[in-house]
Amino acid sequence: MNMTRALCSDSMAPIRDRLRYIHGLPIVHSESYVCGLPPKHRFQMGKFRGVFNKLVKDKVVQPRLQVLEPSQISKELAGMAHSKEYVDRFFRGETNADEQRRTGFKWTHGLCSRVRFEC
């Protein structure tokens, strides 16, 4: 088995186990999708919580029956999309100003935690 397949298989095992208990359309959601950003930042992170809350309020989503909470990705899995050097710097909070400008986000512990839930 190649490394990519092994990493994906290992990271998906807990989700496959949890899917057995899901009824209806599985919804992947985490309160950790939201982290603090400067006021008036162009990325309105709160929309994730707002959309989820609206779906629950309108009874489109039943959290106890449908919601899967994702786990944070590992450095190895992040390294499948980015260079090992960048991932190491990002996880340690050592990305430079140019890298942060390109992403549009100043590095914070909250941001680092949040993006690890996106996989």
Side-chain angles (χ1 to χ4, degrees):
M1 178 182 305
N2 69 25
M3 183 64 146
T4 301
R5 182 170 284 142
L7 285 171
C8 289
S9 296
D10 292 344
S11 66
M12 294 301 290
I15 292 173
R16 276 195 299 267
D17 292 340
R18 290 183 292 172
L19 277 171
R20 288 185 229 163
Y21 304 102
I22 294 294
H23 299 279
L25 178 67
I27 305 295
V28 179
H29 177 74
S30 173
E31 285 295 316
S32 298
Y33 285 159
V34 178
C35 71
L37 291 176
K40 298 187 181 184
H41 190 277
R42 66 182 176 176
F43 189 81
Q44 298 299 311
M45 201 166 288
K47 66 185 171 188
F48 295 107
R49 182 176 290 133
V51 168
F52 180 76
N53 289 341
K54 177 71 170 154
L55 291 171
V56 170
K57 180 182 175 196
D58 290 349
K59 298 185 180 5
V60 174
V61 171
Q62 298 176 45
R64 290 187 24 221
L65 299 176
Q66 293 177 268
V67 175
L68 293 170
E69 174 89 17
S71 301
Q72 287 189 320
I73 62 169
S74 64
K75 283 185 178 183
E76 294 78 16
L77 195 55
M80 294 172 63
H82 304 282
S83 73
K84 179 185 181 320
E85 295 79 16
Y86 177 78
V87 170
D88 287 341
R89 283 195 321 278
F90 183 80
F91 277 45
R92 289 192 311 261
E94 298 173 357
T95 53
N96 62 44
D98 187 50
E99 290 168 325
Q100 292 178 37
R101 182 187 50 74
R102 277 184 273 151
T103 66
F105 298 98
K106 180 171 173 34
W107 190 94
T108 65
H109 288 284
L111 178 68
C112 183
S113 176
R114 181 234 186 257
V115 300
R116 292 180 61 202
F117 283 101
E118 290 185 337
C119 185

| Hey, are the side chains of E99 and Y86 touching, using non-hydrogen atoms and a 4.5 Å cut-off? | yes

| request: Decide if atom NZ of K75 counts as having more than 12 heavy atoms of other residues, nucleotides or ligands within a radius under 6.0 Å. | output: yes

| task | Can you measure from CG (N53) to CZ (R49) and round to the nearest 0.5 angstrom? | result | 7.5 Å

| task | To the nearest 0.5 angstrom, please state how far the CG atom of L77 sits from the CE atom of M80. | result | 6.0 Å

| Which other residues belong to the hydrophobic cluster containing I27, where Ile, Leu, Val, Met, Phe, Trp and Tyr are joined when side-chain heavy atoms lie under 4.5 Å apart, directly or via other members? | L25, V51, F52, L55, V56, V60, V61, V67

| Do the side chain of H41 and the main chain of G36 share a donor and acceptor less than 3.5 angstrom apart? | no

| query | Does atom CZ of R64 have more than 12 heavy-atom neighbours, drawn from other residues, nucleotides or ligands, at distances under 6.0 Å? | reply | no

| Does a side-chain heavy-atom distance below 4.5 Å link F105 with L37? | yes

| field | Any D88 side-chain heavy atom under 4.5 Å of E85 side chain | value | no

| Can any side-chain N or O of Q72 pair as donor or acceptor with the backbone N or O of R116 at less than 3.5 Å? | no

| remark: Here the pair of heavy atoms bringing F117 nearest to S32 is CE1-CB, 3.4 Å

| Are more than 12 heavy atoms from other residues, nucleotides or ligands located less than 6.0 Å from atom NZ of K47? | yes

| Smallest separation among heavy atoms of F90 and T95, with atom names | CA-CG2, 3.7 Å

| request: Locate the shortest heavy-atom distance separating P26 from L68; write the atom from each residue and the value. | output: CB-CD1, 4.3 Å

| More than 12 heavy atoms of other residues, nucleotides or ligands under 6.0 Å from OH of Y21: is that the case? | no

| message | Suppose we call two aromatic rings close when their centres sit under 6.0 Å apart. Are F48 and H29 close by that rule? | response | no

| Closest heavy-atom contact between V34 and M45? | CG2-O, 3.6 Å

| query | What pair of heavy atoms forms the shortest contact from E69 to S30, and how long is it? | reply | OE2-OG, 2.7 Å

| Euclidean distance, Y33 OH relative to S113 OG, rounded to 0.5 Å | 12.0 Å

| field | Closest contact, heavy atoms only, L111 versus T108 | value | N-OG1, 2.9 Å

